[in-house]
Amino acid sequence: MEILNVLRALADAPQPPFHEQYIQHFHMLVDNKIVWWFVWIVVIDIVTGFLKSLVTKQTTSRKGTDGLIRHGILLLIILTLYPMLEINGFASAGNTLIMFYILFYAVSIIENLGQMGVPVPEFVKRYIYKLSDEYNNKSTNEEVKNGTRNHD
């Protein structure tokens, strides 16, 4: 009978405070493979974006700084939000959110590679706007209209 009382007392034990749970879940991000994939794909996007700016000779500190700030804020939001979702039982929603961002960043990396001249399969180009004929024709028309087209 006493064992049952001890088990009931343990089952009714109060949960640790939210901040302690948050810190514990935040520490567990180190072992989360989806979060690591996300962090690395953001880093790869930053690197390919920088290389694209060098190859296309359109490097500007303003654009680079804005991009780094946007990437940093997104990383901060995801790394802050994910433990909260996990604590409240919505880890699958957090994983889905991260997977969507991984997909968006993968598209951005393919765009960067395509704009640097790396061959991208035609079936992929059809689905990526910045590599499509519509985008390229629109850019060329705007450059001609603005008088900024480079006639190499």
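Counting only heavy atoms from C-beta outward, the side chains of Leu81 and Leu97 approach each other to under 4.5 Å. Between Phe38 and Leu74 the shortest side-chain heavy-atom distance falls below 4.5 Å. Contact annotation: the side chain of Ile110 approaches that of Val120 to within less than 4.5 Å [non-hydrogen atoms, C-beta and beyond]. Inter-residue side-chain proximity for Phe26 and Thr80 is flagged as unmet; no heavy-atom pair is nearer than 4.5 Å.
Separating the CG atom in Leu76 from the CD1 atom in Ile69 is a distance of 13.0 Å, to the nearest 0.5 Å. Distance check: Lys33 NZ to Asn95 CG gives 13.0 Å after rounding to the nearest 0.5 Å. Distance check: Lys52 NZ to Gln58 CD gives 7.5 Å after rounding to the nearest 0.5 Å. Expressed to the nearest 0.5 Å, how far NE2 of His25 lies from CD1 of Ile87 amounts to 5.0 Å. Of the inter-residue distances, the one linking Thr56 atom OG1 with Leu51 atom CG reads 10.5 Å to the nearest 0.5 angstrom. Taking NZ of Lys63 as the reference point, atom OG1 of Thr65 lies at 12.5 Å (rounded to 0.5 Å).
No continuous path of ILVMFWY side-chain contacts below 4.5 Å connects Met28 to Ile98, so the two sit in separate hydrophobic clusters. When hydrophobic clusters are built by joining Ile, Leu, Val, Met, Phe, Trp and Tyr residues whose side-chain heavy atoms come closer than 4.5 Å, directly or via intermediates, Tyr82 is grouped together with Met99. Val47 and Ile41 fall within the same hydrophobic cluster, defined by Ile, Leu, Val, Met, Phe, Trp and Tyr side-chain heavy atoms under 4.5 Å apart, directly or through other members. Cluster annotation: Trp36 and Ile77 are assigned to distinct hydrophobic clusters (Ile/Leu/Val/Met/Phe/Trp/Tyr, side-chain heavy-atom contacts under 4.5 Å, transitive). Using a 4.5 Å cut-off between side-chain heavy atoms of Ile, Leu, Val, Met, Phe, Trp and Tyr, with links allowed through other members, Leu68 and Leu75 fall into the same hydrophobic cluster.
Applying side-chain contact (heavy atoms from CB on, under 4.5 Å) to Val42 and the options Val39, Ile46, Ile44 leaves one that passes, Ile46.
Minimum heavy-atom separation, Asn112 to Asp45: ND2-OD1, 3.3 Å. Of all heavy-atom pairs spanning Tyr22 and Leu79, the tightest one is OH-O, 3.9 Å.
Within 6.0 Å of the OH atom in Tyr101, the count of heavy atoms belonging to other residues, nucleotides or ligands does not exceed 12.
Applying the salt bridge (Lys or Arg N to Asp or Glu O under 4.0 Å) test to Arg70 and every residue at least two apart in sequence or in another chain returns nothing.
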